[in-house]
Amino acid sequence: MKDFLGYDEEDGSFYYTSNEESPLRKAVYKIDKKGKKNQIDLNRQEPIRPLFSKSMKYYMNKFSSLDTPMLVTLNDNSGKN
């Protein structure tokens, strides 16, 4: 685990970033209260620092690279834009 992002009290889920798939790529994950883990950043762009809403229902994702200007998306907690 790289960064703990938050806890959803309503459904008992934890959100965090990790590079468990590749040491070169950080991704956002959700673990529910039963221990089921899902990767939720479905757009496959590395989050710089995802910012979750207080309710943990939405997050803002920022991405940029040498070839891509700053791209900001608003996603729900399943990763959909």
Side-chain angles (χ1 to χ4, degrees):
M1 178 167 59
K2 289 275 195 185
D3 296 305
F4 173 73
L5 301 173
Y7 173 68
D8 185 344
E9 292 181 14
E10 188 176 308
D11 71 2
S13 297
F14 290 91
Y15 296 86
Y16 68 97
T17 60
S18 176
N19 60 349
E20 55 198 71
E21 285 187 8
S22 166
L24 302 175
R25 184 183 184 286
K26 186 168 65 170
V28 179
Y29 292 88
K30 172 183 179 178
I31 296 182
D32 67 19
K33 61 185 172 186
K34 295 180 180 179
K36 182 179 177 185
K37 177 176 60 175
N38 291 312
Q39 183 177 339
I40 65 169
D41 60 335
L42 302 176
N43 60 9
R44 305 299 295 173
Q45 294 176 337
E46 181 174 339
I48 295 170
R49 180 77 174 141
L51 299 170
F52 274 84
S53 63
K54 288 184 181 184
S55 68
M56 302 303 291
K57 302 298 179 207
Y58 300 95
Y59 71 96
M60 184 175 68
N61 189 23
K62 296 179 186 177
F63 173 79
S64 67
S65 70
L66 291 175
D67 301 323
T68 307
M70 179 64 74
L71 174 66
V72 179
T73 61
L74 180 62
N75 307 287
D76 66 13
N77 63 3
S78 68
K80 296 178 185 173
N81 297 30

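All values below were derived from every heavy atom in this structure, side-chain atoms included, with hydrogens, water molecules and symmetry-related copies excluded.
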- Residues, nucleotides or ligands: over 12 heavy atoms within 6.0 Å of Lys57 NZ: yes
Test your reading of the model: is there a side-chain donor-acceptor pair from [X] to the backbone of [Y], 3.5 Å cut-off?
X     : Y     : value
Asp3  : Leu5  : no
Asp8  : Gly12 : no
Ser18 : Glu20 : yes

- Message: Evaluate Asn77 against Tyr59 for side chain to side chain donor-acceptor pair (under 3.5 Å), listing each step before the verdict.
- Response: CA-CA 7 Å; Asn77 63 3; Tyr59 71 96; over 6 Å; no
- Message: Ring-plane angle category for Phe14 and Tyr7, please: parallel below 30°, perpendicular beyond 60°, tilted otherwise.
- Response: tilted
- On a heavy-atom basis, the closest approach of Asp76 and Ser78 is OD1-OG, 2.7 Å
- Of all heavy-atom pairs linking Lys30 and Ser13, the shortest is CE-OG, 3.2 Å
Side chains of [X] and [Y]: closer than 4.5 Å at any heavy-atom pair?
X     : Y     : result
Ser64 : Leu71 : no
Glu21 : Gln39 : yes
Phe63 : Val72 : no

- Message: Is there a side-chain contact (heavy atoms from CB on, under 4.5 Å) between Asn19 and Lys2? Walk through the geometry before answering.
- Response: CA-CA 7 Å; Asn19 60 349; Lys2 289 275 195 185; 3.6 Å; yes
- Compute the centroid of each ring, for Phe52 and then for Tyr58, and state whether the two points are separated by less than 6.0 Å. no
- Roughly how far apart are Tyr29 OH and Tyr16 OH, rounded to 0.5 Å? 6.5 Å
- Rounded to the nearest 0.5 Å, the CG atom of Asn75 sits from the CE atom of Met60 at a distance of 10.5 Å
- Message: Regarding Asp32 and Lys37, does a basic nitrogen lie under 4.0 Å from an acidic carboxylate oxygen?
- Response: no
